[in-house]
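First the structure, in the form of structure tokens, and then the observations on it.
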Amino acid sequence: MGDLEYSILADFYEKIERTASRIEMTEYLVALFKETPIEIIDKVIYLTQGKLRPDYEGVELGVAEKLAMRALAQALGVSIKKVEETYKKSGDLGTAAQMLMQQRKPVSIVDFFGGAVEAKPLTVTRVYETLLKIAKASGPGAMDTKVSLLVSLLKDAKPKEARYILRAITGKLRLGIADMTILDALAIAFTGSKNARDVIERAYNMHPDLGHVAKVLATKGLEGVKGIRITVGIPILPMLAERLSDPREILSKLGGKCIIEYKYDGERVQAHKKEKQVYLFSRRLENITSHYPDVVEMIMNNIKAKEAIVEGEIVAVDPDTGEMLPFQELMHRRRKYGIEEAMEMYPASLYLFDVLYVDGRSLINEPLPIRKEYLKKILVPADRIQLAKSTIAETPEEIETFFEQAIADGCEGVMCKSLQADSIYQMGARGWLWIKFKRDYRYEMTDTVDLVVVGAFHGKGRRAGTYGALLMAAYSPEEDIFKTVCKVGSGFTDEDLQKLPEILKPYEISHKHPRVQSKMEADVWFVPAIVLEIIGAEITLSPLHTCGWGKIKENAGLAIRFPRFTGRYRDDKSPEQATTEKEIIEMYYSQRKVTAKA
DNA sequence: CCTGTCTGCCCC
DNA sequence: ATTCTGC
DNA sequence: GCAGAATGGGCAGACAGG
């Protein structure tokens, strides 16, 4: 059985990490694949993706940052505190491990002979199999088992190897390569040119398991890969949408005319029906069949085909009024136990918007209008299963009108889709055939808030050395207190990130400021002083943030959904002039009125 | 048995 | 989910 | 414009530990 020393993999990772050129990265990957014995090509691919098995199999490590830190401390015989310190400073657990290991000298003869020096070199298979064992450990004592397994690996690892083992475990290799680059490299490594890339990508889209595709390619060649087809029961890579904020632009991208449909605030689902069997897959291809027995039932009864793959959005509804409920409520359905009760409290509606396969026939290459016809043909609509509401729009005004109606009906926005002859179902991400349009993409349509920076969190990866996110608060004039509403870590340019520590440094304090109310423990606290403009999609109930605590619901505050920095520093405002708690509460109520109208 | 912490290529 | 950046 | 890597709120499940 062929194997590969893990240090060789680590060396390639290091080279890839050091360059920013995608072409160069691909070249290194190609060299790696050529050096990899065919038997373990799938393992190398999974490790390089930072996973163990394809998503739809649901194999989970159950180890992340904290447990990995514990294991590292144990392997090195240092305190968790020490590991944590090094981690926070470097912003990367892998780098921290490498640094700490390089610092360490053999302390005693026993250590010397018992330690890494005498150990057999790590192999890809050993690393992979150990990670699988970690994933399988469960039940009482599982944490210790997982940690011990990881410790055993780290004890035999050289510093550089530890770097990448830890990164693989935390799911962030951070090499600058992901699926698309791996596909390029596979094409070149096994067929000699990038020409075959499209064929390989297509196979991957229909059977999103890179390890499997690579193995087929390595053992059976391109012909084997061409044989990979859509299989009912294996999820297809879902088509994604681009975003735009202007109806005019949307129309010009889509050729002056489009299908426009409601974008429901729920969970996207790809439903597979195979005779008497139904499978449901999430957007990230997790198997979510057990969460939604009611949806399974509807697919079984109301889709008139022996076999079919359809796509739609699951939305929670109020069992009494039938009104659509916000996404937050649907989350209660993502459970393993108490499904029956949850089903009564949060019944699900399914709004279908596409069909990809019917009775042996792939519809992937059919234009959207044809697919919609098929969908209409096989669907028997009922109370809780219907087509997503849609129409055809040819002017910006028509888009605006339909959009307003969607918002009034409790949707997030709309999807605008091409209906041209080339409007195929583009598996994966590519293209501008689908465009989403949401209220908060438009500055004028959404209220921004001016919030006070009261704390910050150390950044990771490329944010190492600066802040990853800031803790933001609204002001309560009645109590003269600042209460948290969100963290914000998106919207900062590199320049912002460089400036922020300088701006905030003068206000840094060692403990939470007495005028700040927060349930969250920040890495750094500040005197409330700096005000930033923040935009978000809506206000939600929060179990964590303290703004509006108990004023709308017992044991709940308010938070901002999808918060980001607008780029505007409100240095014209004092912290006492920031958005008030009362204003946030009003925003919460006014948005609910809109949805209640529906 | 209850509570707190951590995890999820989680969902959005 | 949104956003920014290097290629 | 793509591909990748930063980052958000919040839910249930799985353990650990009192």
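Below, all heavy atoms of this structure are taken into account, side chains as well, without hydrogens, waters or symmetry copies. Letters go in sequence order (proteins before strands), and every chain restarts at 1.
- Taking the salt bridge (Lys or Arg N to Asp or Glu O under 4.0 Å) definition, one finds that A:Lys88 meets it with A:Asp523, sequence neighbours left out.
- Taking the P atom of each, B:dG4 and C:dT5 are spaced 41 Å apart, rounded to whole Å.
- Along DNA chain C, the stretch of nucleotides lying under 4.0 Å from any heavy atom of chain A spans, 5' to 3', C:dA1 to C:dC7.
- The residues A:Glu249 and A:Lys253 are annotated as not salt-bridged, no charged nitrogen and carboxylate oxygen being separated by less than 4.0 angstrom.
- Under the salt bridge (Lys or Arg N to Asp or Glu O under 4.0 Å) criterion, A:Arg248 pairs with no residue, sequence neighbours left out.
- Taking atom C1' on both C:dA1 and B:dG8, the two are 16 Å apart, rounded to the nearest angstrom.
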Dot-bracket notation for DNA chain D, counting Watson-Crick and G-U pairs under 3.5 Å, with | for partners on another strand: ||||||||||||||||||

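- In terms of modelled atom types and a separation under 3.5 Å, the side chain of A:Thr19 and the main chain of A:Glu24 share no donor-acceptor contact.
- Contact check for A:Leu470 versus A:Leu504: side-chain heavy atoms found under the 4.5 Å cut-off.
- The stretch residues 20-30 of chain A touches DNA chain D through A:Arg22, each having a heavy atom under 4.0 angstrom from the strand.
- With salt bridges taken as basic N to acidic carboxylate O contacts below 4.0 Å, one links A:Arg561 and A:Asp265.
- Within the 4.0 angstrom heavy-atom criterion, only backbone atoms of the sugar-phosphate kind lie near A:Gly62; the bases stay farther away.
- Under 4.0 angstrom from either OP1 or OP2 of D:dG9 there lies no side-chain N or O belonging to A:Thr540.
- Among residue pairs with one or both ends in residues 164-177 of chain A, those qualifying as salt bridge (charged side-chain N to carboxylate O under 4.0 Å, His left out) are A:Glu17-A:Arg167, A:Asp92-A:Arg167, A:Asp92-A:Arg174; sequence neighbours excluded.
- Applying the side chain to side chain donor-acceptor pair (under 3.5 Å) rule to pairs touching residues 42-58 of chain A yields A:Tyr13-A:Thr48, A:Tyr46-A:Asp209, A:Gln49-A:Asp179, A:Lys51-A:Asp55, A:Arg53-A:Glu57, A:Tyr56-A:His207, sequence neighbours excluded.
- In this pair, A:Tyr569 and A:Phe565 present their aromatic rings perpendicular. The plane angle is above 60°, beyond the 30 to 60° band.
- Using a cut-off of 4.0 Å between Lys/Arg side-chain N and Asp/Glu carboxylate O, A:Glu267 and A:Arg334 are scored as salt-bridged.
- Residues that satisfy the ring pair (Phe, Tyr, Trp, His ring centres under 6.0 Å) test with A:Tyr262, not counting sequence neighbours, are A:Tyr264, A:Phe402.
- Straight-line distance between the P atoms of B:dC11 and D:dA3: roughly 23 Å, to the nearest whole Å.
- For the salt bridge (Lys or Arg N to Asp or Glu O under 4.0 Å) test, residues two or more places apart in sequence or in another chain that qualify with A:Lys263 are A:Glu412.
- For A:Ala469 and A:Asp179, each mapped to the nucleotide of DNA chain D holding its nearest heavy atom, the one lying further toward the 5' end belongs to A:Asp179.
- Contact between A:Ala135 and A:Leu52 at its shortest, heavy atoms only, is CB-CD1, 4.0 Å.
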Please tabulate, for side-chain N and O atoms in residues 547-558 of chain A, each donor-acceptor pair with protein atoms closer than 3.5 Å (sequence neighbours left out).
{"from": "A:Lys551", "atom 1": "NZ", "to": "A:Glu581", "atom 2": "OE1", "distance (Å)": "3.2"}

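- A salt bridge links A:Asp440 with A:Arg564: the distance from a Lys NZ or Arg NE/NH1/NH2 to an Asp or Glu carboxylate oxygen falls below 4.0 Å.
- Between A:Asn287 and A:Thr289, the closest heavy-atom pair is OD1-OG1, 2.6 Å.
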Footprint string (nucleotides 11-18 of chain D, 5' to 3'): B base within contact, S backbone only, - free, heavy atoms under 4.0 Å: SSSSSS--

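- Interface residues of residues 544-559 of chain A facing DNA chain D, ordered by number: A:His545, A:Ala559; criterion, heavy-atom separation under 4.0 Å.
- Remark on DNA chain D: of its neighbouring residues A:Phe562 and A:Lys253, the 5'-side contact belongs to A:Lys253, judged by nearest-heavy-atom nucleotide.
- Distances from the side chain of A:Glu242 to the nucleotides B:dC11, B:dT7, D:dC2 place D:dC2 closest.
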